[in-house]
Amino acid sequence: MEVINTIAALKLLLQPRKLAKQKIALVPTMGALHKGHVSLIKIAQQNADIVVCSIFVNPTQFTDPKDLEKYPRPLEHDIEMLQAAGCDYVFMPSVQEMYPAPEEWHIDLGNAEFLLEGEFRKGHYQGVTQIVKKLFDAVDPDLAFFGQKDFQQVLMIRNMVAYFGLDLQIISCPIIREDDGLAMSSRNIHLSAADRQNALVLSRALQYVQDNFSAGNINDLLEKAHRMINETEGVQLDYFTIADTETLLPEQQKGVKKLVALVAAKVGETRLIDNMILN
Ligand code: PAF
């Protein structure tokens, strides 16, 4: 496995692979890797000849400077994990490499940009799509793999790809959970033992809604999920919604649309998100 720090070096390494018509997969990450990321690498390996994993904590997607500052960066551990997973290349650029000059970025990501996470983290998806476009330009992948845990992020990236008419496939991969249901996240290390226990209510509420979806009506399911979360100590709910997977608009009725339940809450000092597809 090779670790590369510049776009020029990366392009040079990938060029012969492209000429040989090998399929290149990109797994973009911000590091602090866990089993969820490893599952992305594994799925990428099954679908491509070469897997590039990027590790870059992207400043433009953080709305809270304190969040950026405390974002975990266990680089040696990350590299060991990627090596063990059989990743081919790790792209680990500096901020200067990705943002050599001040730049403006604003594209139309559709109305869903302003819902849910977009409401709580204003401008977040502009930052995410800005860096993902730069990573796509650097790697020129045939496929790119993202975790379904960031459900809205995958939708925004698909919208960015459509906006620029990029020729690559975006693949959303299943959420990987701890044995007790907690969705894996780089932020989980900030949870105290009590937070960790309290956080379980998020996956439990989602699971309740999924298990009872065919029998229950949407308002009752939402009421129960809200109650479960609001009754849990140390958990402050931002939203729990049942929404159309394409528009992210809330749905009151079951019909032909594909629906997803999405939740975000602050558990202690840590903000967590999770979701489950319902039909
Ligand atoms: O999901 C993430 O880790 C980040 O938002 C991403 C897609 C790597 C962009 O910085």
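Numbering of ligands and ligand atoms starts at 1, following listing order. The figures here come from the full heavy-atom set of this structure, side chains too, leaving out hydrogens, waters and symmetry mates. In this chain, residues are counted from 1 in sequence order.
- Of the N and O atoms on the side chains of Thr60 and Tyr99, at least one donor lies less than 3.5 Å from an acceptor on the other residue.
- In the hydrophobic clustering, Val235 connects to Leu182, Leu191, Leu200, Val201, Leu202, Leu206, Tyr208, Val209, Phe213, Ile218, Leu221, Leu222, Met228, Ile229, Leu237, Phe240, Ile242, Leu259, Val263, Val267, Leu272, Met276, Leu278, either directly or through intervening members, whenever side-chain heavy atoms lie under 4.5 Å apart.
- What sits closest to atom 2 (C) of ligand 1 on the protein, heavy atoms only, is Gln153 NE2, 3.8 Å.
- Aromatic pair Phe62/Tyr71: centroids less than 6.0 angstrom apart.
- Which parts of ligand 1 touch Ile131 is read off a 4.0 Å heavy-atom cut-off, strictly below it: atoms 9 (C), 10 (O).
- Atom 10 (O) of ligand 1 has as its closest protein heavy atom Gln61 OE1, 2.6 Å.
- Taking only non-hydrogen atoms, the option from Met98, Met30, His37 nearest to atom 3 (O) of ligand 1 is Met30.
- Side-chain N/O atoms of Asn275 and Gln148 include a donor and acceptor closer than 3.5 Å.
- Judged purely by distance below 3.5 Å, without hydrogens or angles, the side chains of Arg158 and Tyr163 never pair a donor atom with an acceptor atom.
- Near Pro28, the atoms of ligand 1 lying under 4.0 angstrom from a non-hydrogen atom of the residue are 8 (C).
- Heavy atoms of Thr29 found under 4.0 angstrom from ligand 1 belong exclusively to the backbone.
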